[in-house]
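Below you'll find the structure, written out as structure tokens, and then a few comments.
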Amino acid sequence: MKKELHPSDRNLHLGLTGVLYLLVIVCGLFSEMGVRSVLFLPEDLIQTMENIQGNQSLLRLGVASDMLMVLADVGLAWFFLILFQQNFPRLSYLAAFFRLVQAGIIGINLIHLLQIPTLFQFFHVTSDAPWVAQQIGYLIESHRMGYLLSGIPFGMSCILLGYMMYQSGWFSKILGAIVFIAGFAYLIDSFTNILLPQYAPQSEILVLATAVITELTLCIYLIIKGFRNN
């Protein structure tokens with residue numbers, strides 16, 4: 001039988017969880033908006049190749065930022081397990097497992113981006129430019145699909161986490177319900193991209209309208225509730 005967390009200890013764990021969530025958000029936004037959106041131009045692979053060739057350090061920095069996000073996600077799995085295992089001894093482990101699977105997929109998936117600088121080492125960009133650009137486009141698309149696949153275990157983790165939040169008796173029921181709904185948004189987006197890619201733009205809007213806002217709200221809630229009472 002696990003000993004129930006003292007309220008002060010619970011608040012501390014909530015605050016630390018919020019800090020890790022903030023790290024996940026910052027690293028994720030930097031990798032996507034500050035690196036990939038700057039370097040990758042899906043409509044112009046030659047320009048994408050030239051962007052990466054001239055900014056390989058930025059690409060590697062983005063990969064490092066994503067790996068830091070993965071480590072923070074492992075920490076989140078651990079802290080959420082500690083917070084909810086007293087009330088939900090089985091579901092808390094399952095939610096942590098799904099989150100760890102998501103982190104593993106994201107981490108392994110980064111190999112696609114690290115393979116891009118290798119192309120510049122083994123092939124002459126001047127003479128093989130069209131072929132190298134096509135390979136870079138393939139690796140970028142492979143990374144994108146791998147990222148989308150990670151949304152499936154993450155969505156399952158959010159559904160379980162939202163349920164535990166709602167039923168716990170000490171967490172915000174409203175936020176728990178929103179996290180629960182956000183989990184389904186991730187699942188819908190991932191499966192739409194796999195099964196019905198023509199509707200991917202609509203599912204992306206769904207994620208932006210629900211899941212992204214939910215994660216920001218959850219992060220703020222955890223930090224305020226955690227450190228305000230300590």
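Just so you know, residue 1 is the first one in the sequence shown, and it goes up from there.
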Phe80 versus Met164: any side-chain heavy-atom pair under 4.5 Å? no

Is the positively charged end of Arg36 above the ring of Tyr147, judged by distance under 6.0 angstrom from the centroid and angle within 45° of the axis? yes

Is there a donor-acceptor contact under 3.5 Å from the side chain of Ser157 to the main chain of Pro153? no

With a 4.5 Å cut-off on side-chain heavy atoms, are Pro89 and Tyr93 touching? no

Using 0.5 Å steps for rounding, measure from the OH atom of Tyr21 to the CD1 atom of Ile220. 12.5 Å

Min side-chain heavy-atom separation Thr48-Ile52 under 4.5 Å: yes

Kindly indicate whether the side chain of Leu12, heavy atoms from C-beta on, has any atom under 4.5 Å from the side chain of Leu16. yes

Inter-residue atom distance Gln198.CD - Asn193.CG, 0.5 Å rounding: 10.5 Å

Does His13 use its side chain to pair, donor to acceptor, with the backbone of Asp9 at less than 3.5 Å? yes

Give a yes or no on whether the backbone of Glu32 and the side-chain of Ser37 come within a donor-acceptor separation of less than 3.5 Å. yes

Any non-hydrogen side-chain atom of Ile116 less than 4.5 Å from a side-chain atom of Ile140? yes

Rounded to the nearest 0.5 angstrom, the CG-CG distance for Leu81 and Leu76 is 12.0 Å

Taking the side chain as everything from C-beta on, heavy atoms only, tell me whether Leu14 gets closer than 4.5 Å to Tyr221. no

Any side-chain to backbone donor/acceptor pair from Asn109 onto Ile105? Under 3.5 Å, distance only. no

